[in-house]
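Side chains are part of it too, since the values below use all heavy atoms of this structure and drop only hydrogens, waters and symmetry mates.
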Amino acid sequence: ELHHERLAVEQLTQELGAELATAKEKAANEAAEATSKTQALTEAESRIDSLLQEKEVAEKLAQDLETSLAAARQTRADTEEELKASKGMTDELREKVTKAVRKGKGFQEQKNELQAQLAQNKEELSAVEEKLADVKRLADEKESLLTSKEEEIQSVKELLRSE
């Protein structure tokens, strides 16, 4: 009977050893899975931090672009105002030249001065028109860039919402 009890104890010991090995293996697998999930969570948090930084940079860039666009629009308005003033001066000088020619040869010198001034005003007008064209082109580029950055910000926001 002692022999049977020893065999029973040995069998129980083996069964407990097998259960212990199974439990250890299960614990190791669960620990590995927990480590994997922790690593994935850490990577996700890092990506979120990176996206938030990108969002801040994009928002700052968008703000800078809006400021630049506002400045370009103001420059455009100022240039258009200068253009109007130059056209007015040109018309006024053209009228003066016409009157001087009508009055005769005695006004030839004044006519020459007025024509020189008219030519200078035309050059200035041409320069202002070129400047206006450049400002318009720059404003268009800024608006295009702003639209692109707004789309990029929207994309980042959507990416952040989906995560």
Side-chain angles (χ1 to χ4, degrees), residues 1-93 117-163:
E1 187 172 305
L2 186 61
H3 181 56
H4 287 306
E5 285 183 22
R6 278 188 187 172
L7 287 176
V9 168
E10 282 180 25
Q11 185 179 3
L12 184 60
T13 302
Q14 287 177 354
E15 288 173 6
L16 289 175
E19 286 181 25
L20 179 60
T22 302
K24 283 182 181 180
E25 183 179 338
K26 185 177 178 182
N29 288 341
E30 289 177 0
E33 186 179 334
T35 299
S36 174
K37 287 181 179 179
T38 300
Q39 184 179 10
L41 181 60
T42 301
E43 289 172 4
E45 288 173 343
S46 175
R47 179 69 178 136
I48 288 171
D49 288 344
S50 175
L51 288 172
L52 287 174
Q53 288 174 354
E54 288 176 15
K55 177 186 174 195
E56 288 175 12
V57 169
E59 287 174 347
K60 173 70 171 121
L61 182 57
Q63 185 180 23
D64 291 348
L65 286 173
E66 287 176 9
T67 301
S68 295
L69 184 58
R73 285 181 178 149
Q74 183 60 47
T75 301
R76 179 179 179 177
D78 293 346
T79 303
E80 287 174 348
E81 196 62 37
E82 289 175 15
L83 179 62
K84 286 179 186 176
S86 294
K87 283 182 180 179
M89 288 176 63
T90 300
D91 292 343
E92 183 180 317
L93 290 173
Q117 190 175 3
L118 176 61
Q120 181 181 357
N121 283 349
K122 284 181 180 181
E123 289 177 14
E124 291 174 4
L125 176 61
S126 178
V128 168
E129 288 174 336
E130 288 178 22
K131 185 177 177 183
L132 178 61
D134 287 345
V135 168
K136 286 179 180 178
R137 181 190 49 76
L138 180 61
D140 290 344
E141 288 174 2
K142 295 290 183 178
E143 282 187 77
S144 175
L145 186 56
L146 177 60
T147 299
S148 173
K149 289 302 173 181
E150 287 174 343
E151 289 171 358
E152 186 177 328
I153 289 170
Q154 186 63 32
S155 176
V156 169
K157 286 180 180 177
E158 290 175 11
L159 183 59
L160 286 174
R161 283 188 208 119
S162 68
E163 291 185 11

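At least one side-chain heavy atom of L159 sits under 4.5 Å from a side-chain heavy atom of R47. Residues L160 and L52 meet the side-chain proximity criterion, which asks for heavy atoms closer than 4.5 Å.
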Pair L20, K24 - check side chain to side chain contact (heavy atoms under 4.5 Å, CB included), show working. CA-CA 6 Å; L20 179 60; K24 283 182 181 180; 3.9 Å; yes
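Minimum interatomic distance between L125 and L83 (heavy atoms only, all atoms of both residues): CD1-CD1, 2.7 Å. Taking all atoms of both residues into account, the shortest heavy-atom contact from A62 to I153 is CB-CD1, 3.7 Å.
Between R73 and E143, at least one side-chain N (NZ, or NE/NH1/NH2) sits under 4.0 Å from a carboxylate O, which counts as a salt bridge. Comment: E33 engages K37 in a salt bridge, judged by a side-chain N to carboxylate O separation of less than 4.0 angstrom. In summary, R161 and E158 do not engage in a salt bridge, as defined by a charged side-chain N under 4.0 Å from a carboxylate O. E80 and K84 are not joined by a salt bridge, as no carboxylate oxygen comes within less than 4.0 angstrom of a charged side-chain nitrogen.
Formation of a donor-acceptor pair under 3.5 Å by the T75 side chain with backbone atoms of A71 is found in this model. Of the possible donor and acceptor atoms, none in the side chain of S148 sits under 3.5 Å from a partner among the backbone N and O of S144. Between the side chain of S36 and the backbone N or O of A32 there is no donor-acceptor pair closer than 3.5 Å.
Note that the CG atom of L16 and the CD atom of Q11 stand 10.5 Å from one another [nearest 0.5 Å]. Rounding to the nearest 0.5 Å places CD of E81 at 10.5 Å from OG of S86. The distance from atom CG of L41 to atom OG of S46, rounded to the nearest 0.5 Å, is 11.0 Å. The distance from the OG atom of S68 to the CD atom of Q63 is 10.5 Å, given to the nearest 0.5 Å. Here the CD atom belonging to Q53 is positioned 9.5 Å from the CG atom belonging to L51, to the nearest 0.5 angstrom. A distance of 9.5 Å separates CG of L145 from CD of E152, quoted to the nearest 0.5 Å.
For residues 123-139, the set of pairs meeting the salt bridge (Lys or Arg N to Asp or Glu O under 4.0 Å) definition, not counting sequence neighbours, comprises R137-E141. Residue pairs meeting the salt bridge (Lys or Arg N to Asp or Glu O under 4.0 Å) criterion with at least one partner in residues 59-71, sequence neighbours excluded, are K55-E59, K60-D64.
Every residue two or more places apart in sequence or in another chain was checked for a side chain to side chain donor-acceptor pair (under 3.5 Å) with K142, and none qualifies.
Side chain to side chain, Q74 and D78 meet the donor-acceptor criterion of an N or O pair below 3.5 Å.
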